[in-house]
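Data block below; observations after.
Not measured: the values here are computed from a predicted model. Just so it is clear: chains get the letters A, B, ... in the order the sequence lines come, proteins before strands, and each one is counted from 1.
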Protein chains: 2
Amino acid sequence: MPTLADVAKVAGVGVMSVSRVVNGTRKVSPETEEKVRAAIRRIGYEPNEAARVLKGHRAKILGLIVPDLADPFFATCANAIQEAAREAGYMTLMVASGHQANVERQQAEVMMQRQIAGLIIIPTGLENDYFLNARVGGLPIVSLDRPLENVDADAVLVDNREASMGVVEHLIEHGHKDILCILDEYRMFTKQERLAGYMQAMREAKLTTRVCMVGPLSGTVAEQLPAILASAPKPTAIFAASDLLTVQVLRHLQGMHIAIPDEIALAVFDDFDAATLITPQITAVRQPVADLGRKAVSLLLQRIEGDSTLPAKQVVLQTELIIRASCGCELAGSRIKSKGLAIRKR
Amino acid sequence: MPTLADVAKVAGVGVMSVSRVVNGTRKVSPETEEKVRAAIRRIGYEPNEAARVLKGHRAKILGLIVPDLADPFFATCANAIQEAAREAGYMTLMVASGHQANVERQQAEVMMQRQIAGLIIIPTGLENDYFLNARVGGLPIVSLDRPLENVDADAVLVDNREASMGVVEHLIEHGHKDILCILDEYRMFTKQERLAGYMQAMREAKLTTRVCMVGPLSGTVAEQLPAILASAPKPTAIFAASDLLTVQVLRHLQGMHIAIPDEIALAVFDDFDAATLITPQITAVRQPVADLGRKAVSLLLQRIEGDSTLPAKQVVLQTELIIRASCGCELAGSRIKSKGLAIRKR
DNA sequence: CTGAAAGCGCTAACAT
DNA sequence: ATGTTAGCGCTTTCAG
């Protein structure tokens, strides 16, 4: 591996001239520059990152921590992030935290030791105080999908609350009065917001809310749904707050031969591959998943390469309500965009 | 950030004793070791990777190059790989090549410059000669899903041919004689193998083969299927050679209201999320996706940490034929394992 | 078994 | 505008 000094020798100039040409740090005379470039090409010089980092510079690497790389939502984010990073000349160090806050924290630490230039994180836990120190350590951080509580970092989000309200309102417009909200019991920002959106839509329409929590404490969909569907004012519509829940609900409804949307209508949060493959096709809120990732990278690069002292900002991207058949709509195919794209300062 | 020298000062020993304790390189007296460990804990020392790498050591980083991180198959691999790597104390640098051989090559180069310890790759192109140089450069490489032609690297694969034969034979057992194979036209190892499996099964049963190529040259499924289904000896069963194809076929069959399996039976390569969500449920070959990833890591670590001079080997993992309803089976739920798990030496 | 010195490739700071 | 020097934190080498 040829070094900078080798280039200098071949070009017949000092090492610093070479360094300056490579990094564009300062003005170099055109002749020198030409000599250096020629020498670089000739011996195939490539700068050594390790030496640069050792000198106190940050590595041209972005860190990405997501709960699960196999999850379609996170995977699509990761893909977009990696691509955007590559286009900007950065490599991406990726970690799946497995929804464990301690893994998340520990891996963030390792990344910082490696002097990554910035970190994008879809935080798992609710206690993110750890990342405060990171920010103090000067590491630019952007959170994705969920804000990093208490930490002054940029965030790229969608308005889960408003989007949920939109779906539920759509169901209400269909004349439904008993709408069941199915939600997993994990305390997560996005899920709480989706619940809030449901609540608000129902309240504004003066309807009674009904929430079915799913999880180890409350039980599965299959365990709870029969009782609910047998109850006195039987729900005529279901709002499932995530794709995982949607799949469970669909399986159960299919198993019990309950017709959608005739016996019960369905509209859900998160569009998913199978949504248009099953009959009826499912009405769903679609998030601009790849855009979220790209936006996160652009915010991060702005911090890294530009002014990192600007106040943190939250970017809210638009969601779309994709109207298909499961809500009871005759003509599928229309889309309703959220008001979104607000850029709120904290 | 405290350095090794700081530790030495605090512990009252030379730097080399500290280095030896940290790396376990050589014998150190118990007392010295204790002093050093105490000092490390006290000032919170963490070794600086960059300095180590600068000294000529490899970084504790694995590289992973896949065609597309958003694809469920690759994403699941990536997730398993990252997790296994983390457990072994390695970080993972991930790149989506976007199915472009030049990106793949260029990113591999960057990774090598960063002195990664090993590389796992799901190669996109057919011309992999580039990686020959990499191997010569001493970088351990494991290819996944597809072998790296001409390169003496370990590979973790499934037997696409045998698995395809299995599916097609199953269709034949149902009494089908006109079985259409739908395949995309890209020249890819796995697809070629799947085609070969179909051919072999048909030949052994003395049946006439019929292949529908899909792609920009030949046309889409929607463009070609009507003519095929209107033809004289109409196929009574379809074997779709990948999940992407399966989705297209399903959409088309649904659109034309063709009943599965009554009018036409269907069995496919690649199990996918929606397979059990649609009616009828789809009979499919399932690959042990996460296992492929884990096995790749274990092979790679073996090379990195152990003898890297052993001859390259190919590990073939078992697939499963998951029998559901789309093939015409009455009782779904059975599974047929491939003979697999052969470990072939090259 | 332990320590001192040299140097990996680079750039900040100074000197010309 | 260009060159020289020192040193980032570590490990290899050589002496003790």
- Query: Any side-chain heavy atom of A:Asn48 within less than 4.5 Å of one from A:Arg52?
  - Reply: no
- If you look at every heavy atom in A:Ala117 and A:Tyr90, which pair is closest and at what distance? CB-CE2, 3.8 Å
- Task: Taking only Lys NZ, Arg NE, NH1 and NH2, and the carboxylate oxygens of Asp or Glu, determine whether A:Arg37 and A:Glu33 approach each other closer than 4.0 Å.
- Result: yes
- Query: Given atom CE of B:Met1 and atom P of D:dG9, what is their separation to the nearest angstrom?
  - Reply: 11 Å
- Message: Between P on D:dT4 and CZ on A:Arg20, what's the gap in Å once rounded to a whole number?
- Response: 11 Å
- Task: Provide, to the nearest angstrom, the distance between the CG atom belonging to B:Leu4 and the P atom belonging to D:dC8.
- Result: 13 Å
- Query: Which listed nucleotide (D:dT11, D:dT4, C:dC10) is nearest to the side chain of A:Lys55?
  - Reply: C:dC10
- Query: Of B:Val142, B:Ile81, B:Leu119, which is the lone residue that meets side chain to side chain contact (heavy atoms under 4.5 Å, CB included) with B:Leu300?
  - Reply: B:Val142
- Is any side-chain nitrogen or oxygen of A:Thr3 closer than 4.0 Å to OP1 or OP2 of C:dC8? no
- Message: Please classify the nucleic acid contact of B:Lys27 as base, sugar-phosphate, or nothing, using heavy-atom distances under 4.0 Å.
- Response: sugar-phosphate
- Message: Rounding to an integer number of Å, can you tell me how far A:Lys9 NZ sits from C:dG9 P?
- Response: 11 Å
- Query: Between A:Met16 (CE) and C:dA12 (C1'), how many Å, whole number?
  - Reply: 7 Å
- Item | Residue-phosphate contact under 4.0 Å: B:His57 side-chain N/O, C:dC8 OP1/OP2 | no
- Note on the structure: Between B:Val156 and the options B:Lys295, B:Arg294, B:Gln314, the side chain to side chain contact (heavy atoms under 4.5 Å, CB included) test singles out B:Lys295
- For B:Leu54 and B:Thr25, take the nucleotide of DNA chain D holding the closest heavy atom to each; which residue's nucleotide lies nearer the 5' end? B:Leu54
- So does A:Asn48 get a side-chain nitrogen or oxygen closer than 4.0 Å to the phosphate oxygens (OP1/OP2) of C:dC8? no
- Message: What contact category does B:Val53 fall into here, base, sugar-phosphate, or nothing, at under 4.0 angstrom with non-hydrogen atoms?
- Response: nothing
- Are B:Ser29 and C:dT2 close enough that a side-chain N or O sits under 4.0 Å from OP1 or OP2? yes
- Message: Looking at C:dC1, I'd like to know if its phosphate oxygens (OP1 or OP2) sit under 4.0 Å from a side-chain N or O belonging to B:Ser17.
- Response: no
- Note on the structure: Rounded to whole Å, NZ of A:Lys35 lies from C1' of D:dA1 at a distance of 12 Å
- Query: Would you say B:Ser19 reaches D:dC10's phosphate, i.e. side-chain N/O to OP1/OP2 under 4.0 Å?
  - Reply: no
- Item | Length of the line joining A:Lys60:NZ and C:dC10:P, which is rounded to integer Å | 16 Å
- Item | Between C1' of D:dC8 and CZ of B:Arg52, the distance in whole Å | 16 Å
- Query: With nearest nucleotides of DNA chain C determined for A:Ala5 and B:Val28 from heavy-atom distances, which residue corresponds to the more 5′ nucleotide?
  - Reply: B:Val28
